Chemist: 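Supplied in structure tokens, the structure appears directly below.
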Number of protein chains: 2
Amino acid sequence: MRALSRVIYALPRAIDTDMMREQRLSLIEYLAMANLSEAPDRKLRMSDLAAAVEMSLSGMTRLVTRLESQGLIQRVKSSRDARGSNAILTDEGFARLEAAWPSNLAALRRHFLDHLTGLDLQRLAAALRDIAT
Amino acid sequence: MRALSRVIYALPRAIDTDMMREQRLSLIEYLAMANLSEAPDRKLRMSDLAAAVEMSLSGMTRLVTRLESQGLIQRVKSSRDARGSNAILTDEGFARLEAAWPSNLAALRRHFLDHLTGLDLQRLAAALRDIAT
DNA sequence: CCGGAAAAATTGTCTTTGCAACCAGTATAG
DNA sequence: CTATACTGGTTGCAAAGACAATTTTTCCGG
């Protein structure tokens, strides 16, 4: 139980640190871009994007501002609804993402997956999808 | 993989939120106090305590300051080494911890354990201890 | 059509945290 | 013994994110 709490607390930091060092992207930044990359037109509303990574909308505003200033994302006013903004992954952002995914995978392995000896990974995957809901 | 990243990012926040609401203690505050409660004399050096929960020493300085101002922890200069400080869990802190543990357990269950259907929990526990090293 | 409620996003403010710089105290080489 | 290196801890500073308040736009009941 202690170990679980400790892992829950420390794991995101460990992965963030690695990804920042190797790719200058935090885990959430990576996640946000990954979600965008799979959306139609690589475009999502701010609130949908925030929900997709379970972040507060205000946090997402700032995250997108950050990535926009690096040219990885572009903000476009929605034509349907003048209140809404869409975040679009730029080509540069897409390239950056493609460069980053092996790092992300490696970090997940190193800090988590490689330690799960003898566990049913199929079931774990299902459980994770369940948790993420 | 996406689900894993998302869980790693969102889980600590979810648990923190619950524990804050129910017990006014964050997960790391709880963890720090729990570690102290099991140490001889309920006492640990700052650096050992930081290591035990995988937090930076500066972060731990501030966390202890916070809990000290609530009377849950006491700071005592080490007699052996005038550089060192020890954090001691007060009786009040211990009482607070005893009141909090069911909440902590419930939050872990609700957000994580209950979703792990069909997994070998013994092995998972071993894996977690391995990761926490 | 109008006025108020709801929704989308941003911004202000506060808390938490890590890194780097900085004491103070200890250990060690010579 | 003294100068130097090292250690334990705290603080300054900056970044990230949450919540609440605000702004702009849309939706709805009458």
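When reading the values below, keep in mind they use all heavy atoms of this one structure, side chains included, and skip hydrogens, waters and symmetry mates. Quantities reported herein were computed from a predicted structural model and do not represent experimental measurements. Note on naming: letters A, B, ... go to the chains in the order of the sequence lines (proteins, then strands), and numbering restarts at 1 for each one.
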Chemist: Could you tell me the separation between the CZ atom of B/Arg21 and the P atom of D/dC19, rounded to a whole number of Å?
Modeler: 11 Å
Chemist: Expressed as a whole number of angstroms, how long is the span from A/Arg66:CZ to D/dA16:C1'?
Modeler: 6 Å
Chemist: Please answer: with hydrophobic residues joined when any side-chain heavy atoms are less than 4.5 Å apart, are B/Tyr9 and A/Met20 in the same cluster?
Modeler: no
Chemist: Could you tell me whether the side chain of B/Thr90 and the main chain of B/Leu72 form a donor-acceptor pair under 3.5 Å?
Modeler: yes
Chemist: So if I define the base as every atom that isn't primed, P, OP1 or OP2, how would nucleotides 5-14 of chain C read as a B/S/- string at a heavy-atom cutoff under 4.0 Å?
Modeler: --BSBBBBB-
Chemist: Please report the distance, rounded to the nearest Å, between CE in A/Met20 and P in C/dC19.
Modeler: 11 Å
Chemist: Answer with base, sugar-phosphate or nothing: what part of the nucleic acid does B/Ile28 contact at a heavy-atom distance below 4.0 Å?
Modeler: sugar-phosphate
Chemist: What is the distance, rounded to the nearest whole Å, between atom CG of B/Leu44 and atom C1' of D/dG9?
Modeler: 15 Å
Chemist: Within the 3.5 Å criterion, strictly below it, is a donor on A/Thr65 or A/Arg75 matched to an acceptor on the partner's side chain?
Modeler: yes
Chemist: D/dA16 C1' sits how many Å from A/Arg13 CZ, rounded?
Modeler: 11 Å
Chemist: Does any N or O in the side chain of A/Gln23 come within less than 3.5 Å of the main-chain N or O of A/Ser103, such that one atom is a donor and the other an acceptor?
Modeler: no
Chemist: Tell me: CD of A/Gln70 to P of D/dA15, nearest whole Å?
Modeler: 13 Å
Chemist: Using a strict cut-off of less than 4.0 Å between a Lys/Arg side-chain nitrogen and an Asp/Glu carboxylate oxygen, indicate whether B/Asp18 and B/Arg21 qualify as a salt bridge.
Modeler: yes
Chemist: With a 4.5 Å heavy-atom cut-off, do A/Glu29 and A/Met19 have their side chains touching?
Modeler: no
Chemist: Under 4.0 Å between a side-chain nitrogen and a carboxylate oxygen: does that hold for A/Arg42 and A/Asp91?
Modeler: yes
Chemist: What I want to find out is whether A/Arg13 reaches B/Glu54 closely enough, with some N-O distance under 4.0 Å, to be called a salt bridge.
Modeler: no
Chemist: Nearest whole Å is fine: how far is D/dA18 C1' from A/Glu54 CD?
Modeler: 15 Å
Chemist: Quantified as the angle between the terminal helix axes (five pairs each), what is the overall bend of the helix from C/dC1-D/dG30 to C/dG30-D/dC1 to 10 degrees?
Modeler: 10°
Chemist: Whole angstroms only, please: what is the CZ-P distance between A/Arg80 and D/dT24?
Modeler: 24 Å
Chemist: If we ignore hydrogens and angles and just use 3.5 Å, is the side chain of B/Arg123 paired with the main-chain N or O of A/Thr117 as donor and acceptor?
Modeler: no
